[in-house]
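Here the structure is laid out as C-alpha cells; the discussion comes afterwards.
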Amino acid sequence: MPSSLTRRAWLAAAAFVPAFGWAQADTGPKFPPLMKIVVPFTAGASNDAIARAMAPLLAQRLGTTVIVENRPGAAGVIGSDYVAKSPADGSALLLTSSTFLTAAVTQARLPYDPVAAFAPVSLIGHGPMLLAVSAATPIQSTAELVAAAKAAPGKLSYGTAGVGSVAHLSSEMLADAAHVKMLHVPYKGAANALLDLAGGQIDMMISNYTSIAPQIKSGKVRALAVTSAQPSPVFPQLPAVASAVPGFAADIWVAVFAPAATPAPLVARLNRELNQIAATPEVKALLEPDGATPLALSPAELAARVKDDLAVWRKIATDKKIVAE
C-alpha cells in the first residue's frame, strides 16, 4: 500500500491531467454559442438548401448552435452588407454565389468593398453552366450558334434573369470571345426567361442546369455545351463552349465568407471544417444536380480566385457599360 505522501502525489498528478488538457483545448479558437449562416437570397433557393444542409454539420463539429438566416434583396447586396458589418468573431458567415462578384461590378453604389470587407473562408462547390437554345431554332452546336450570330449581327437574342446577372455577363463574355453581337433581353427572374426560351420567343440562354432541366427534358430547349474551360464529367454528352470559342470559360461557385477582421485562427478552423463538410454526401447531393463539385481551397487560394474572377467580371461590365437596374 502506498504511503500517504505517495497517495497525495498520485492524486495531485491525476488532478493535473484534466486541468492541463482543458488548458490546451482552451488555447484553440473560441466560437460564439450562436452562429448564423446568412444567405442573401430567398428561402428555398439552391444556396439556401446548401446552407441548411451544412448548418447542423458545422454545429456538431464546433460544439455550438448554427442557424440559417435569409436576407434577400438587391442581387445579394443586402445580406452581404449585413455580414460585412457584423462582429468579426465568427457569429455571422455569408454563404453566397458568383452573384456576389457580378453584383459588385454592376451595382452603381455598393455599400462595401467585395475584397477588403470580407475574409474568404471556404469554396463549397464550383461547376459549369449550360449554353442552350430554343428547340425552335435549327442550331445544333456552339459553332452553328456563332455562325448564326455572325450572319445577322444584333439579331440573335439571349435572355437573362436581369441586367448585371451572371448570365448577362457570361453571355457578353461569349459575344466578345466569338466576335459577335447579340441582342440582350433582360427579364425579372430566370424563370420567365426560360419560359420564353422554351416558347421560342428568345434564341439562346446561359443557365445553371437545375433551372433549365425541365425545359431540356420536355424537348423544348436544346443544350449545346458547358461553359467550363473543359468538358464536365457530369454532362459527358456536351462539349465545352471553348471547343468552338477558344478562351471562353465561365464557372460559377458557392463560397463562404466572414467579416474582414475575423481572426486567422477562426478562419483556418472554419476552412478545415467546411472543406470536409462540402465533401459529405448531404452537401454533395445538393451540388451534383448542377454539375458542381467540392474544391478544397485554402483561404488564401480562395482570396486569389475571388480577385481573379472579380477582374474578369469588372472588365466585361466596364467595357460594355453594364449597370444593374
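For the residue pair Val226 and Pro231, the shortest heavy atom distance occurs at CG2-CA, 4.1 Å. Nearest heavy atom pair, residue Arg269 against residue Arg61, reads NH2-O, 3.0 Å. Pairing each heavy atom of Ala88 with each of Ala261, the nearest pair is CB-C, 3.4 Å. Here the closest non-hydrogen pair linking Leu195 and Gln201 is O-OE1, 4.3 Å. A pairwise comparison of heavy atoms in Ala74 and Ile78 identifies CB-CG1, 4.2 Å as the closest pair. Closest non-hydrogen pair, Ala116 versus Ala260, comes out as O-CB, 3.1 Å.
Looking only at side-chain heavy atoms (C-beta outward), Leu310 and Pro114 come within less than 4.5 Å of each other. In this structure, Leu131 and Met204 have side chains that are in contact, with non-hydrogen atoms separated by less than 4.5 Å. At least one side-chain heavy atom of Ile124 sits less than 4.5 Å from a side-chain heavy atom of Met54. When side chains are defined from C-beta on, Ile316 does not count as touching Asp176, because their heavy atoms never get closer than 4.5 Å. Here the side chains of Leu95 and Asn47 are in contact, with some heavy-atom distance below 4.5 Å. Looking at Val306 and Phe118, their side chains never come closer than 4.5 Å, going by heavy atoms from C-beta outward. Put simply, the side chain of Val133 does not reach to within 4.5 Å of the side chain of Asp203, judged on heavy atoms. For the pair Ile202 and Leu183, the minimum side-chain heavy-atom distance is 4.5 Å or more.
Residues that satisfy the salt bridge (Lys or Arg N to Asp or Glu O under 4.0 Å) test with Asp81, not counting sequence neighbours, are Lys85. By the salt bridge (Lys or Arg N to Asp or Glu O under 4.0 Å) test, Lys315 is found to be paired with Asp319, residues two or more places apart in sequence or in another chain being considered. Partners of Lys36 according to the salt bridge (Lys or Arg N to Asp or Glu O under 4.0 Å) rule, which considers only residues two or more places apart in sequence or in another chain, are Glu69.
Residues Ile37 and Val77 are members of separate hydrophobic clusters, defined by side-chain heavy-atom contacts under 4.5 angstrom among Ile, Leu, Val, Met, Phe, Trp and Tyr. With hydrophobic clusters built from ILVMFWY side chains whose heavy atoms lie under 4.5 angstrom apart, Phe235 does not share a cluster with Leu174. Val39 and Ile252 are not part of a single hydrophobic cluster, where members link through side-chain heavy atoms under 4.5 Å apart. A chain of hydrophobic side-chain contacts below 4.5 Å, direct or via other Ile, Leu, Val, Met, Phe, Trp or Tyr residues, connects Ile206 to Trp313. Cluster annotation: Leu101 and Val105 are assigned to the same hydrophobic cluster (Ile/Leu/Val/Met/Phe/Trp/Tyr, side-chain heavy-atom contacts under 4.5 Å, transitive).
Under the ring-ring contact (aromatic ring centres under 6.0 Å, His included) criterion, the residue pairs touching residues 243-282 are Phe100-Phe257, with sequence neighbours excluded. Within the structure, the salt bridge (charged side-chain N to carboxylate O under 4.0 Å, His left out) test picks out the following pairs touching residues 154-174 (sequence neighbours left out): Glu172-Lys320. Screening residues 281-299 for salt bridge (charged side-chain N to carboxylate O under 4.0 Å, His left out), with sequence neighbours left out, gives no hits.
Expressed to the nearest 0.5 Å, how far OG of Ser122 lies from CD1 of Ile277 amounts to 8.5 Å. We find the OG1-CD1 distance between Thr106 and Ile322 to be 8.0 Å, quoted to the nearest 0.5 Å. One distance of note links OH of Tyr187 with CG of Asp196; it measures 3.5 Å at 0.5 Å rounding. How far CE of Met129 is from CE of Met205: 10.5 Å, rounded to the nearest 0.5 Å. In this structure, the separation between CG on Leu287 and CG on Leu295 is 11.5 Å, given to the nearest 0.5 Å. Rounding to the nearest 0.5 Å gives a distance of 6.0 Å between OG1 of Thr160 and NE2 of His168.
Side-chain atoms of Ser80 come within 3.5 Å of backbone atoms of Gly76 as a donor-acceptor pair (strictly under, hydrogens ignored). Proximity of a side-chain donor or acceptor of Arg222 to a complementary backbone N or O of Thr137 within less than 3.5 Å is detected. Between the side chain of Ser218 and the main chain of Gln215, a donor-acceptor pair closer than 3.5 Å is present. A distance-only check finds no donor-acceptor pair linking the side chain of Asp251 to the backbone of Ala292 [under 3.5 Å]. Side chain of Ser86 to backbone of Tyr82: a donor-acceptor contact under 3.5 angstrom is found. Not one N or O on the side chain of Thr262 forms a donor-acceptor pair closer than 3.5 Å with the backbone of Val267. With Thr64 contributing its side chain and Pro33 its backbone, the two residues share a donor-acceptor pair below 3.5 Å. Here the side chain of Thr318 pairs a donor or acceptor atom with the backbone of Arg314 at under 3.5 angstrom.
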**Message:** Apply side-chain contact (heavy atoms from CB on, under 4.5 Å) to residues Thr280 and Leu57 and explain how you reach the verdict.
**Reply:** CA-CA 9 Å; Thr280 62; Leu57 302 177; 3.7 Å; yes

**Request:** Kindly determine whether Ile212 and Asn208 satisfy side-chain contact (heavy atoms from CB on, under 4.5 Å), including the steps that lead there.
**Result:** CA-CA 7 Å; Ile212 206 170; Asn208 66 305; over 6 Å; no

**Request:** Show the numbers, then the answer: is there a side-chain contact (heavy atoms from CB on, under 4.5 Å) between Val245 and Thr142?
**Result:** CA-CA 8 Å; Val245 185; Thr142 303; 4.0 Å; yes

**Request:** Apply the test side-chain contact (heavy atoms from CB on, under 4.5 Å) to residues Leu270 and Val256: give CA-CA distance (whole Å), side-chain angles for both, the deciding distance (0.1 Å), then the verdict.
**Result:** CA-CA 9 Å; Leu270 286 168; Val256 173; over 6 Å; no

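Counting heavy atoms of neighbouring residues, nucleotides and ligands inside a 6.0 Å radius, atom CD of Gln60 does not exceed 12 of them.
Look at Arg305 and Glu301 and you find no salt bridge, because none of the NZ, NE, NH1 or NH2 atoms lies under 4.0 Å from a carboxylate O.
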